[in-house]
Protein chains: 2
Amino acid sequence: MPTPATRDRLVAAAQELFAAQGVGATSPRQVLAASGVGQGSLYHHFPAKHDLAVAAVSATADQALAAALQELSGDSPALGRVLAYLERPRDALAGCRVGRLTSDQAVMDDDDLRATVRTFFDRLVATVAEVLTEAGVPPDDATDRAHAAVAVVQGGYVLARATGDPQAMRAAVRGFVTLLDPTTRDRPDDEESL
Amino acid sequence: MPTPATRDRLVAAAQELFAAQGVGATSPRQVLAASGVGQGSLYHHFPAKHDLAVAAVSATADQALAAALQELSGDSPALGRVLAYLERPRDALAGCRVGRLTSDQAVMDDDDLRATVRTFFDRLVATVAEVLTEAGVPPDDATDRAHAAVAVVQGGYVLARATGDPQAMRAAVRGFVTLLDPTTRDRPDDEESL
DNA sequence: GTCTATACAACGATAGAC
DNA sequence: GTCTATCGTTGTATAGAC
């Protein structure tokens with residue numbers, strides 16, 4: 001299909017709008033305007049808003065999960081990979097594109113969308129737990145710490161958005177990392193330090 | 001004023017609806033229906049939805065902050081007070097009434113509402129940091145760990161809602177607590193254990 | 001497959017009687 | 001101070017020509 005892929009333009013526009021304002025707060029009309037497509041085309045490709053939302057949210061979750069799994073895999077030391085995931089530079093003020101969906105009523109009321117969000121976090125936490133186990137943490141502790149690690153990042157987004165300060169997320173991560181791996185205390189901060 | 005306080009009924013109904021569905025997703029009409037008040041009464045007390053939202057969100061934030069500060073103050077050992085805050089039983093699937101507002105576009109687009117949310121978290125984090133300092137943690141670490149503690153709770157809400165499992169929040173808190181205070185490892189779990 | 005035009009409900013807000 | 005009735009706009013979705 002050599003077509004300019006109207007469908008892909010719609011999905012991409014929906015992903016951006018969903019990330020910026022949430023699913024429930026984004027209207028099909030806005031997606032049309034942002035993508036430059038006509039009314040009928042949208043409803044040709046996606047019979048209802050639900051169908052567009054499923055396509056866009058799935059794409060966003062897939063992309064986010066792939067990025068995280070990328071960081072968590074590899075041959076470098078296991079604990080270092082977890083630290084890399086925790087300390088990855090993030091657009092803290094924008095919030096997590098997947099995590100934010102948990103307070104979007106339009107998402108939680110839709111079985112398909114809720115399942116997508118659930119799968120993302122189930123896999124993310126399970127992977128972090130595996131890597132921590134590989135790092136020598138006992139399995140039970142690894143599961144709890146994996147939950148804590150993912151929660152610190154998600155909560156860091158909340159704090160950063162609430163206070164309007166991206167440093168709030170960095171402080172939260174730092175507070176957790178220095179407990180998880182005390183040897184990081186004397187390490188130079190390798191991120192932008194503004 | 002011996003009146004049945006129509007205004008209070010409106011604010012209370014708005015608080016519940018905001019907690020359940022968010023601010024942007026709640027219409028004045030729903031507040032009317034839930035409170036049993038007439039159209040004109042709402043707009044008599046609150047000229048616009050913004051005014052009702054400010055009253056309801058402020059009340060919710062005030063109540064939530066008072067509850068947290070209550071737990072964090074007192075004469076018991078400082079570290080124990082932080083643990084009490086972290087481990088307090090929470091309705092994890094409902095989400096944080098204040099934290100969830102950070103992904104509500106209607107809130108973030110309103111200067112007054114955003115300021116209310118910000119003040120809540122600024123004060124909460126500052127108080128946790130003070131108590132940690134009182135517990136003997138160096139000031140810099142105390143600030144980072146306070147951010148981490150509040151973030152773990154907020155992220156615990158996200159995980160619990162995402163997975164549909166209240167235990168996800170408990171796992172996240174446990175993962176953080178055992179790092180923050182290793183002596184808690186051998187402690188019996190004093191909460192309801194499903 | 002894409003477009004313009006339109007339908008119908010719910011939104012936030014106002015008017016004006018009581 | 002409270003009510004019912006209504007306004008103009010935007011939401012989701014459909015109709016039907018091209």
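Every chain is numbered from 1, with letters handed out A, B, ... down the list of sequences.
- Of the charged side-chain nitrogens involved, none lies within less than 4.0 Å of a carboxylate oxygen, so that Glu130(B) and Arg123(B) do not count as a salt-bridged pair.
- Applying the 4.0 Å criterion to OP1 and OP2 of dT2(D), one finds that Thr6(B) has a side-chain N or O inside that range.
- Note: CG (Leu52(B)) to P (dC11(C)) measures 14 Å, nearest angstrom.
- In this structure, Asp8(A) atom CG and dG1(C) atom P are separated by 14 Å, rounded to whole Å.
- Side chains of Ser41(B) and Thr6(B): no donor on one and acceptor on the other come within 3.5 Å.
- A salt bridge is defined here as a Lys NZ or Arg NE, NH1 or NH2 lying under 4.0 Å from an Asp or Glu carboxylate O, and Glu134(A) with Arg81(A) meets this definition.
- Note that Arg90(B) lies in the cation-pi zone of Tyr85(B), set by a 6.0 Å cut-off to the ring centre and a 45° limit from the axis.
- In this structure, the side chain of Asp112(B) does not engage the main chain of Val54(B) through any donor-acceptor pair within 3.5 Å.
- For the pair Arg114(A) and Phe121(A), the NZ or CZ position fails the cation-pi test of under 6.0 Å to the six-membered ring centre and within 45 degrees of the ring normal.
- Checking the phosphate oxygens (OP1, OP2) of dG1(D), no side-chain nitrogen or oxygen of Ser41(B) falls inside 4.0 Å.
- As a whole-Å value, the separation of His44(B) NE2 from dA13(C) P is 17 Å.
- Checking side-chain atoms of Ser73(B) against main-chain N and O of Gln70(B) turns up a donor-acceptor pair under 3.5 Å.
- For the pair Leu32(A) CG and dA5(C) P, the interatomic distance rounds to 15 Å; values are reported in whole Å.
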Classify every nucleotide of nucleotides 7-18 of chain D by which part a protein heavy atom approaches to under 4.0 Å, writing B for the base, S for the sugar-phosphate alone and - for neither, in 5'-to-3' order.
-> ----BBBB----
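- Asp140(A) has no carboxylate O lying under 4.0 Å from a charged side-chain N of Arg185(B), or vice versa, which leaves the two without a salt bridge.
- Stem analysis of DNA chain C (at least three stacked-register Watson-Crick or G-U pairs, each with both distances under 3.5 Å) gives C:1-18 with D:1-18.
- Distance Asp109(B) CG to dG12(C) P: 15 Å, rounded to the nearest Å.
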